[in-house]
K.L.:
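Handing you this structure, nothing more for now.
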Amino acid sequence: MKEINNDNVVFTKDGKNYILYFVKQKIKDVSINRVTHNETDNGVTNISRQDIKFFEKNPQKIWKQIAIKEVMEDGKIKGFKIMKINKNSKFAALGLQKGDIVIKANNIDLTSYKAVMNIYKNVNKLSEISLVVLRNNTEKELIYEIH
């Protein structure tokens with residue numbers, strides 16, 4: 001963390017500055033059917049907190065858009081492979097692709113269902129999600145700021 005201001009916090013990672021803005025919102029009980037997606041110049045994608053809450057309350061909607069399967073190596077889970085993803089889905093809009101193997105979330109190795117569920121159960125408390133995926137045998141980091 002580099003600095004704390006009244007309406008934002010500035011973080012530095014790999015020589016780049018990231019700004020997390022604090023937004024006060026009153027949220028009514030409404031159904032959200034879209035993901036707010038806009039990638040900034042530094043490669044960070046913004047996600048609406050309302051969208052996070054929607055999927056938290058409606059987990060069955062996740063599996064209508066994406067299918068995953070654990071990837072095993074030497075009898076242990078190595079990560080979770082995206083087997084199918086609807087090209088017009090919220091997850092595709094976030095840059096995920098069929099064939100990606102998600103191996104880390106917020107620097108936690110996804111080597112068990114417990115690790116995945118811990119991230120999922122606490123996603124509403126996060127201000128940023130960082131995923132590391134194996135894509136064509138190359139690690140790619142996808143960073144999402146939640147506003």
K.L.:
Would you mind reporting whether Leu94 and Leu142 have side-chain heavy atoms less than 4.5 Å apart?
P.N.:
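Contact flag for Leu142/Leu94 side chains = no.
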
K.L.:
Between Asn106 and Ser130, is there a donor-acceptor pair closer than 3.5 Å when you use the side chain of the first and the backbone of the second?
P.N.:
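Looks like yes, one N/O pair under 3.5 Å.
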
K.L.:
Could you go through Ile143 and Thr45, starting from their C-alpha distance and side-chain angles, then the distance that decides it, and tell me whether this counts as side chain to side chain contact (heavy atoms under 4.5 Å, CB included)?
P.N.:
CA-CA 6 Å; Ile143 300 172; Thr45 300; over 6 Å; no

K.L.:
Could you go through the side chain to side chain contact (heavy atoms under 4.5 Å, CB included) check for Leu134 and Glu139 one step at a time?
P.N.:
CA-CA 5 Å; Leu134 281 176; Glu139 286 189 10; 3.6 Å; yes

K.L.:
Is Glu141 salt-bridged to Lys13, cutoff N-O under 4.0 Å?
P.N.:
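Lys13 and Glu141: salt-bridged.
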
K.L.:
So Val71 and Ile77, side chain to side chain contact (heavy atoms under 4.5 Å, CB included) or not? Walk me through it.
P.N.:
CA-CA 6 Å; Val71 175; Ile77 295 175; over 6 Å; no

K.L.:
Going through the checks in order, is the side chain to side chain contact (heavy atoms under 4.5 Å, CB included) test met by Leu96 and Val133?
P.N.:
CA-CA 9 Å; Leu96 295 170; Val133 300; 4.3 Å; yes

K.L.:
Do Val132 and Lys140 touch side chain to side chain, with heavy atoms closer than 4.5 Å?
P.N.:
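Val132 vs Lys140: side chains apart.
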
K.L.:
Could you tell me which non-hydrogen atom of Ser89 sits nearest to which non-hydrogen atom of Gln65, and how far apart they are?
P.N.:
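So the two residues come closest at CB-OE1, 3.4 Å.
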
K.L.:
Where is the tightest heavy-atom contact between Lys78 and Ile103, given as atom of each residue plus distance?
P.N.:
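Smallest interatomic distance, heavy atoms only, reads O-CG2, 3.6 Å.
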
K.L.:
Please confirm whether the ring centroid of Phe91 lies under 6.0 Å from the ring centroid of Phe55.
P.N.:
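For Phe91 and Phe55, the ring centres are under 6.0 Å apart.
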
K.L.:
Is it true that a side-chain atom of Tyr120 and a backbone atom of Ala115 form a donor plus acceptor pair closer than 3.5 Å?
P.N.:
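No, the answer is negative, given that no donor and acceptor are paired below the 3.5 Å cut-off.
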
K.L.:
To the nearest 0.5 angstrom, please state how far the CG atom of Asn124 sits from the CD1 atom of Ile146.
P.N.:
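If I round to the nearest 0.5 Å, the distance is 8.0 Å.
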
K.L.:
Taking C-beta and beyond as the side chain, do Phe80 and Val116 meet within less than 4.5 Å on heavy atoms?
P.N.:
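Sidechains of Val116 and Phe80: in contact.
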
K.L.:
From Gln97 CD over to Ile82 CD1, what is the distance, rounded to the nearest 0.5 angstrom?
P.N.:
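Nearest 0.5 Å value for the CD-CD1 distance: 8.5 Å.
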
K.L.:
Are Phe54 and Ile129 joined in one hydrophobic group, where the rule is that I, L, V, M, F, W and Y side chains link up if heavy atoms are under 4.5 Å apart?
P.N.:
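Result: yes, single cluster for both.
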
K.L.:
Heavy atoms, side chains only, cut-off 4.5 Å: are Ile66 and Asn86 in contact?
P.N.:
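Ile66 vs Asn86: side chains apart.
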
K.L.:
Under a 3.5 Å cutoff, is there a donor and acceptor pairing between the side chains of Glu70 and Tyr113?
P.N.:
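Present: a donor and an acceptor within the cut-off.
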
K.L.:
Tell me whether the count of non-hydrogen atoms from other residues, nucleotides or ligands lying under 6.0 Å of CG in Asn122 goes above 12.
P.N.:
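Enclosed.
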
K.L.:
With rounding to the nearest 0.5 angstrom, report the NZ to NZ distance, Lys114 to Lys121.
P.N.:
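Going from NZ on Lys114 over to NZ on Lys121, the span is 8.5 Å.
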
K.L.:
Compare all side-chain heavy atoms of Ile62 with those of Lys64 and state whether any distance is below 4.5 angstrom.
P.N.:
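Sidechains of Lys64 and Ile62: no contact.
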
K.L.:
Treating Ile, Leu, Val, Met, Phe, Trp and Tyr as nodes and any side-chain heavy-atom pair under 4.5 angstrom as an edge, say whether Met117 and Leu110 lie in one connected cluster.
P.N.:
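Yes.
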
K.L.:
For the residue pair Lys98 and Met83, establish whether any side-chain heavy-atom pair is separated by less than 4.5 Å.
P.N.:
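No, their side chains stay 4.5 Å or more apart.
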
K.L.:
Please determine whether residues Ile52 and Trp63 belong to a single hydrophobic cluster, defined as Ile, Leu, Val, Met, Phe, Trp and Tyr linked transitively by side-chain heavy-atom distances below 4.5 Å.
P.N.:
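They do share one cluster, since a chain of ILVMFWY contacts under 4.5 Å joins Ile52 to Trp63.
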
K.L.:
Would you say the side chain of Arg49 lies within less than 4.5 Å of the side chain of His147, judging by non-hydrogen atoms?
P.N.:
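Side-chain contact under 4.5 Å: no.
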
K.L.:
Quickly, which of Asn46, Leu126, Leu131, Val44 forms a side chain to side chain contact (heavy atoms under 4.5 Å, CB included) with Tyr144? Name it, please.
P.N.:
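Among Asn46, Leu126, Leu131, Val44, the one meeting side chain to side chain contact (heavy atoms under 4.5 Å, CB included) with Tyr144 is Leu131.
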
